Amino acid sequence: RIEADGALSISVSDNGPGIEESRIEDCFAMFGQGHDALTRSVGGLGLGLPLAHRIAELHGGTLAISRGPTGGTVATLRIAASRTILQQPMKSVA
């Protein structure tokens, strides 16, 4: 969605077990994980979120992670209005 200030906001959620609030910052560290290695059920090196976070920052944006209201995780990418181009409807040429 486009926010009131013109920024682009994209949210993605899942219905998994969620990430404990105390572990969210770990997700942004290179090779960090939101769950203990012995208890997590999915693979991954812990590079995707740190890279996405840094790319968002380089474009004047943010990447935030939170627990969903009924469990799961919500990731929200916000890109500054200065980095977006709003598409205008095409005018027909007759």
Side-chain angles (χ1 to χ4, degrees):
R1 72 178 188 206
I2 302 298
E3 302 287 342
D5 65 356
L8 172 65
S9 180
I10 301 170
S11 292
V12 178
S13 62
D14 66 31
N15 57 0
I19 300 170
E20 295 297 324
E21 292 289 331
S22 63
R23 304 290 308 256
I24 288 177
E25 285 303 312
D26 295 341
C27 295
F28 293 121
M30 293 297 224
F31 304 105
Q33 299 287 336
H35 298 282
D36 292 325
L38 297 176
T39 60
R40 64 188 173 113
S41 60
V42 295
L45 294 175
L47 294 175
L49 286 173
L51 290 173
H53 185 249
R54 185 66 181 129
I55 291 169
E57 288 180 335
L58 289 170
H59 287 282
T62 59
L63 177 62
I65 298 175
S66 61
R67 285 184 69 90
T70 59
T73 303
V74 178
T76 302
L77 172 67
R78 191 169 192 276
I79 302 295
S82 62
R83 295 296 213 170
T84 63
I85 300 173
L86 294 177
Q87 296 291 321
Q88 298 297 321
M90 301 257 324
K91 294 180 182 178
S92 62
V93 178

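Start at 1 with the first residue, then count along the sequence. Every value quoted in this text rests on a predicted model; they were computed, and no experiment measured them.
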Trainee: Of all the heavy-atom pairs spanning Ala80 and Gly60, show the shortest one and how long it is.
Mentor: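 Closest heavy-atom pair between Ala80 and Gly60: CB-O, 3.4 Å.
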Trainee: What pairs meet the salt bridge (Lys or Arg N to Asp or Glu O under 4.0 Å) rule with one or both residues in residues 70-82, with sequence neighbours excluded?
Mentor: Asp5-Arg78
Trainee: Enumerate the ring pair (Phe, Tyr, Trp, His ring centres under 6.0 Å) contacts for residues 46-74, please, sequence neighbours excluded, ordered by first and then second residue.
Mentor: Phe28-His53
Trainee: Among all residues two or more places apart in sequence or in another chain, which pass the side-chain hydrogen bond (donor to acceptor under 3.5 Å, both in side chains) test with Ser66?
Mentor: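 Residues passing side-chain hydrogen bond (donor to acceptor under 3.5 Å, both in side chains) with Ser66: none at all.
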Trainee: Using the side chain to side chain contact (heavy atoms under 4.5 Å, CB included) criterion, which residues pair with Asn15? Sequence neighbours excluded.
Mentor: none
Trainee: Can you tell me how far apart CD (Glu57) and CG (Leu63) are? Round to the nearest 0.5 Å.
Mentor: 9.0 Å
Trainee: Would Ile55 end up clustered with Ile65 when hydrophobic side chains under 4.5 Å apart are linked, directly or stepwise?
Mentor: no
Trainee: Just to verify, what does Glu25 make a side-chain hydrogen bond (donor to acceptor under 3.5 Å, both in side chains) with, not counting sequence neighbours?
Mentor: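 In terms of side-chain hydrogen bond (donor to acceptor under 3.5 Å, both in side chains), with neighbours along the sequence ignored, Glu25 is linked to no residue.
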Trainee: Sequence neighbours left out, what passes side chain to side chain contact (heavy atoms under 4.5 Å, CB included) with Ile79? Give chain and number order.
Mentor: Leu8, Leu77, Arg83, Thr84
